[in-house]
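Structure record follows, encoded as structure tokens.
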Amino acid sequence: MIVEQRTYVLHTGASLADYLAAYEQIGLPAQKPILGGFLGYFVTEFGRQNELNHLWAYRDLEDRRARRAELAKNTQWQECLAIIRPMIMTMENKIMYPTSFSPIRNLPVSIADTNTAFAEELRG
């Protein structure tokens with residue numbers, strides 16, 4: 001399994017609320033059935049402002065390549081890109097491999113590991 005971390009920084013004048021609304025309403029519904037493995041989407045509170053990070057899990061690099069190629073053909077995804085891409089100043093993505101002790105190391109992600117954010121006792 002691999003995890004892709006995609007980090008976007010929006011232009012100073014771009015509206016974070018407008019970006020998130022377009023992505024939530026148009027982009028994410030297009031991505032989830034094609035990419036699968038959605039782990040989360042985060043915005044910064046401290047540090048670099050206007051930064052967004054999202055995490056996606058894939059079986060391997062070939063799985064990622066095939067799924068991203070299919071997504072690129074999706075008209076709803078292209079509609080979202082037309083809205084959000086002009087707002088993005090920089091884009092960076094990293095491919096990460098989980099360690100043997102990571103609670104996220106296999107697909108599907110298990111919530112059975114204790115003392116992690118996935119553990120039942122930590123969920124309200």
Between CZ of Arg59 and CD1 of Ile2, what distance do you get to the nearest 0.5 Å? 10.5 Å
Salt bridge present between Asp63 and Arg67 (N-O < 4.0 angstrom): yes
Could you report the tightest heavy-atom contact between Gly36 and Trp56, atom names first, then the distance? O-CE3, 3.2 Å
Closest non-hydrogen contact found for Thr12 with Asn50 is CA-ND2, 3.9 Å
Stepwise side-chain hydrogen bond (donor to acceptor under 3.5 Å, both in side chains) test for Asn93 and Gln5: CA-CA 5 Å; Asn93 61 314; Gln5 176 183 349; over 6 Å; no
4.5 Å side-chain heavy-atom contact, Ser100 and Arg105: no
Nearest heavy-atom approach of His11 to Ile88 is NE2-O, 3.3 Å
So if you build clusters from Ile, Leu, Val, Met, Phe, Trp, Tyr with side-chain heavy-atom gaps below 4.5 Å, do Leu71 and Leu39 land together? no
May I ask whether Tyr41 and Met91 are part of the same hydrophobic cluster, defined by side-chain heavy atoms of I, L, V, M, F, W, Y residues being less than 4.5 angstrom apart, directly or through others? yes
Would you compute the distance between atom OH of Tyr23 and atom CG of Leu52 and round it to the nearest 0.5 angstrom? 10.0 Å
Could you tell me which non-hydrogen atom of Asn74 sits nearest to which non-hydrogen atom of Ala30, and how far apart they are? OD1-CB, 3.7 Å
Verify the neighbour count for atom CD of Gln76: are there more than 12 heavy atoms of other residues, nucleotides or ligands below 6.0 Å? yes
The side chain to side chain contact (heavy atoms under 4.5 Å, CB included) partners of Arg85 (sequence neighbours excluded) come to Leu81
Salt bridge between Glu4 and Lys94, side-chain N to carboxylate O under 4.0 Å? no
Tell me whether Ser102 contacts the main-chain N or O of Ile104 through its side chain, where contact means a donor paired with an acceptor under 3.5 Å. yes
Could you check whether Phe38 and His54 have their ring centres less than 6.0 Å apart? no
Does the side chain of Gln31 come within less than 4.5 Å of Arg68's, by heavy atoms? yes
Shortest non-hydrogen contact from Leu20 toward Val43: CD1-CG1, 4.1 Å
Side-chain heavy atoms under 4.5 angstrom apart, residues restricted to Ile, Leu, Val, Met, Phe, Trp, Tyr: same cluster for Ile26 and Leu16? yes
In the single-linkage hydrophobic clustering (I, L, V, M, F, W, Y; side-chain heavy atoms under 4.5 Å), do Met1 and Leu35 co-cluster? no
Taking Gln49 for the side chain and Gly47 for the main chain, is one N or O donor matched with an acceptor at less than 3.5 Å? yes
Are the side chains of Glu51 and Asn53 in contact, using a 4.5 Å heavy-atom criterion? yes
If the threshold is 4.0 Å, N to carboxylate O, is there a salt bridge linking Arg65 and Glu62? yes
Taking the side chain as every heavy atom from C-beta outward, state whether Val3 and Tyr58 have any atom pair closer than 4.5 Å. no
According to a hydrophobic-cluster definition based on side-chain heavy atoms being under 4.5 Å apart (Ile, Leu, Val, Met, Phe, Trp, Tyr only), do Tyr8 and Phe42 belong together? no
Distance-minimising heavy-atom pair for Met87 and Ser15: SD-O, 4.0 Å
